[in-house]
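Accompanying notes for the structure given below.
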2 protein chains.
Amino acid sequence: MAGKESNRLSTPPGRITLHDVAREAEVSAATVSKVLSGAKGAIRISKQTRERVMAVARRMNYIPNASAQALRRGSLSAIGLYFPFGLHPWVSSAYSQLTRHISILLEEERHSLVIMINPPPRKKAEPARFPSFLYNQGVDGVICVHQVPEALLEELRQRKMPYVLLNCDTGYPENCVDADERWVMQQSLQYVYDLGHRRIIFAGRSTSHPSYDIKREVYVEFMKRKGLPALPDVYEITDPLSDERGDFGEKIAERILRQAERPTAIVAYNDITALALIHAFRDRGISIPEEISIVGCDDIHESLVARPRLTTFRFPADRLAKAAVEMVLKQVRTHEPQKSIAVKHEFLARDSCVQLAESRSHRAKRPASAGAFK
Amino acid sequence: MAGKESNRLSTPPGRITLHDVAREAEVSAATVSKVLSGAKGAIRISKQTRERVMAVARRMNYIPNASAQALRRGSLSAIGLYFPFGLHPWVSSAYSQLTRHISILLEEERHSLVIMINPPPRKKAEPARFPSFLYNQGVDGVICVHQVPEALLEELRQRKMPYVLLNCDTGYPENCVDADERWVMQQSLQYVYDLGHRRIIFAGRSTSHPSYDIKREVYVEFMKRKGLPALPDVYEITDPLSDERGDFGEKIAERILRQAERPTAIVAYNDITALALIHAFRDRGISIPEEISIVGCDDIHESLVARPRLTTFRFPADRLAKAAVEMVLKQVRTHEPQKSIAVKHEFLARDSCVQLAESRSHRAKRPASAGAFK
DNA sequence: CTGAAAGCGCTAACAG
DNA sequence: CTGTTAGCGCTTTCAG
């Protein structure tokens, strides 16, 4: 109705362009361009005109048009960050840290960050829909987080789109940046082993993420190497429904307690599992860490708030982000695949593990008669 | 070295353009354009050529160049999502949900989502740096989350950039989408009141977010209205260091226990506070909910895993996202400010609150002699 | 040191 | 129904 809009969709009418600045500063558009975005050393513009142009541009509140620049330069200076659709809420903390770091690093490289969360399938059996960037060339490269459908990877490769797989644990030798899951699991096991624990169990929900299988594998290897039993019946619990009821901690705890001999140490798949187990054991009158030591992984915020404060490993979001950003930008520049990188967690010794003292292990063999209660 | 690169920065050499498709399909570029992106009803292209063009485009793996489209159309079809720099980790869960919903909704509107996390100040006293979108016109509108610097708001307005303030609780009558903090606080208080509780306390870290003050205010009003004491000394604890030590729960718990008369119900500022308090009380031998009922807010994942399961309110990320996306797109279309909207949380009755029974309130007045211990 | 000119890839009048 | 034409705003030779 009350519109003096032109046929252009929604461009604000009085947008200032390069030419407006040029006219005002009484130079040509080319000069303005050189002043404003010419390579630092290579521009041959007199100090005098440069300063005049800059002053005028600032005064007129000039903002270059990103699309025009991108069209001309052949590069958008934008990187996509791809997330699969159905991420578990408890990984979101790690991934928002990752996103924050990536965003800040890209900003420093004068790139923007386009978030692409895979849309949910509209109907069952519909071929997976991918984010539309694939269909309109809107980014220079993509960082794919957590898990990436084979079909998408196929597309990326076919389109020669630079990409990095971040925390996907695929094991591919190229273009991957991962936390070193083998290392962190190995460290966790060695830590409780050195504390004197021998009945050690690996506990967690099985997830569809490869890190779960990697950790399980390291656990089995470790126990075999030390000549200890691997307690194979306990370490895998899969029940999506219990997520909604919030009782998967109880489920795992019960399966652990059903063992003939109770373990003295638990290496949990992640902090959420560890915390849920601490709650569940406490409800059952089992004190942590006195009776069972627990190690978590990733250091979510609650791990510091819970009691006992959870011994765990810090998720190296900062270094993962740095490596991923460098890798994708390198690829954008060179169009050559990059060698995969693994980044180590950082150990945080807190209160959920104790030395397995001689006295305690003896006491455990005595009949339960020391206490005041039945 | 081994480069047959042109002077363009990083454009993949053999990119397929509209003209390639046109040549191959033996039509003009305009026709291809109309077929591929013409408004559904308004295109006058014979079914025959349309199908031929589409087939060729698919076969050649044609992807339109987003920058060229944007330049021509005058709109990038991108929305920015702005986050301030120093967000507390525990809000990140709520905000990653928000981001996920916003991303999916925008995808449906064929818009992309550019994330802009304010970079940290490089030096003290440096004038705030804002994300570069402001300086290159890279988005059609911005959704600002949590908190927005006055100077940025100024810029946005001056540049006539459509914007929405999401969960900033500024109280502005226009362009805001917020959770209804007054409502959720009122509901929490009324809930424990109806359960018979009279000694009710509001506990939380004070934060720089306005929602804290809003909640405190509602608390004071509520207590005054009911003729109850507002326990003013307890509800505000500020100590950034205790975040790092993870002991702010203990701090608040101790201040609560220092009261002459212990409260029977706590309305916590958020779930993290509530959970930290539950842990701290338990360490001090106070059972929850039997001795103290607690209500949280926002329903983070751990609230369901902790014991007792926390009674709380679900953060309405989905509806907030929907409202914000609609509001910003409406503004992009009309360039007219929109009326602010408040969205309600959803109550989740779980196990952390109990009816204050007559018997219990009597027992509390008797000398502590019923138990078996000192 | 500065300006004229060409054109990135696409879309939307307009003419046929 | 289809093609021709004219730019969107910017950068980059290339001449002067």
Side-chain angles (χ1 to χ4, degrees), chain A residues 5-23 25-39 41-53 57 60 62-77 135-138 140, chain B residues 5-23 25-39 41-53 57 60 62-77 135-138 140:
Chain A
E5 298 292 81
S6 74
N7 62 13
R8 306 296 267 352
L9 286 187
S10 58
T11 330
R15 164 113 3 258
I16 307 284
T17 76
L18 201 59
H19 287 93
D20 299 323
V21 176
R23 196 175 329 106
E26 297 180 304
V27 290
S28 75
T31 303
V32 178
S33 175
K34 279 172 199 152
V35 168
L36 261 27
S37 38
I43 44 164
R44 262 126 234 303
I45 299 288
S46 72
K47 194 174 179 189
Q48 185 182 326
T49 45
R50 176 166 56 233
E51 277 166 4
R52 179 158 39 93
V53 167
M60 296 181 80
Y62 167 68
I63 313 172
N65 178 315
S67 307
Q69 288 183 315
L71 177 57
R72 185 58 237 243
R73 296 209 258 240
S75 154
L76 247 190
S77 295
Y135 306 113
N136 79 354
Q137 194 61 11
D140 298 337
Chain B
E5 298 292 80
S6 71
N7 62 14
R8 307 295 268 356
L9 287 185
S10 58
T11 330
R15 166 117 356 264
I16 307 284
T17 76
L18 201 59
H19 287 92
D20 300 323
V21 176
R23 196 174 332 106
E26 297 181 304
V27 290
S28 75
T31 303
V32 178
S33 174
K34 278 173 200 151
V35 169
L36 261 29
S37 39
I43 46 165
R44 262 126 235 302
I45 299 288
S46 73
K47 194 175 178 186
Q48 186 181 323
T49 45
R50 177 169 51 233
E51 277 166 4
R52 179 157 40 91
V53 168
M60 296 182 79
Y62 168 69
I63 313 171
N65 178 316
S67 308
Q69 289 182 314
L71 178 57
R72 185 59 237 240
R73 298 210 256 240
S75 154
L76 248 190
S77 296
Y135 307 113
N136 79 353
Q137 195 59 14
D140 297 337

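Just so it is clear, the model here is predicted, and its values are computed rather than measured. Proteins come first, then strands; the chains are lettered A, B, ... in the order of their sequence lines, and each starts at number 1.
For T17(B), the side-chain atoms get nearest to dC10(C) when compared with the rest of dC10(C), dT11(D), dC10(D). Comparing dC10(D), dC10(C), dT13(D) by their nearest atom to the side chain of K34(A) picks out dT13(D). For L71(A), taking side-chain heavy atoms from C-beta onward, the closest of the listed nucleotides dT13(D), dG9(D), dC14(C) is dG9(D).
Regarding contacts with the backbone of dT2(C), a side-chain N or O of T49(A) is found under 4.0 angstrom from either OP1 or OP2. Under 4.0 angstrom from either OP1 or OP2 of dG9(D) there lies no side-chain N or O belonging to Q69(A). OP1 or OP2 of dG3(D) has at least one side-chain nitrogen or oxygen of T31(B) nearer than 4.0 Å. When the side-chain nitrogen and oxygen atoms of Y62(A) are compared with OP1 and OP2 of dC10(D), one or more of them lie within a distance under 4.0 Å. Not one side-chain nitrogen or oxygen of S37(B) sits closer than 4.0 Å to the OP1 or OP2 atom of dC10(C).
Within 4.0 Å of S33(A), counting heavy atoms only, lies at least one base atom of the nucleic acid.
Distance OG/S46(A) to CZ/R52(A): 7.5 Å, rounded to 0.5 Å.
Residue Y62(B) forms a side chain to side chain contact (heavy atoms under 4.5 Å, CB included) with just one option from L18(B), D20(B), V53(B), and that option is L18(B).
Side-chain contact between N65(B) and T17(B): absent, with no pair of heavy atoms (C-beta onward) separated by less than 4.5 Å.
One can place CZ of R72(B) at 6 Å from P of dA12(C), the figure rounded to the nearest angstrom.
Projected onto DNA chain D by closest heavy-atom contact, A30(B) and A68(B) fall at different nucleotides, the more 5' of which corresponds to A30(B).
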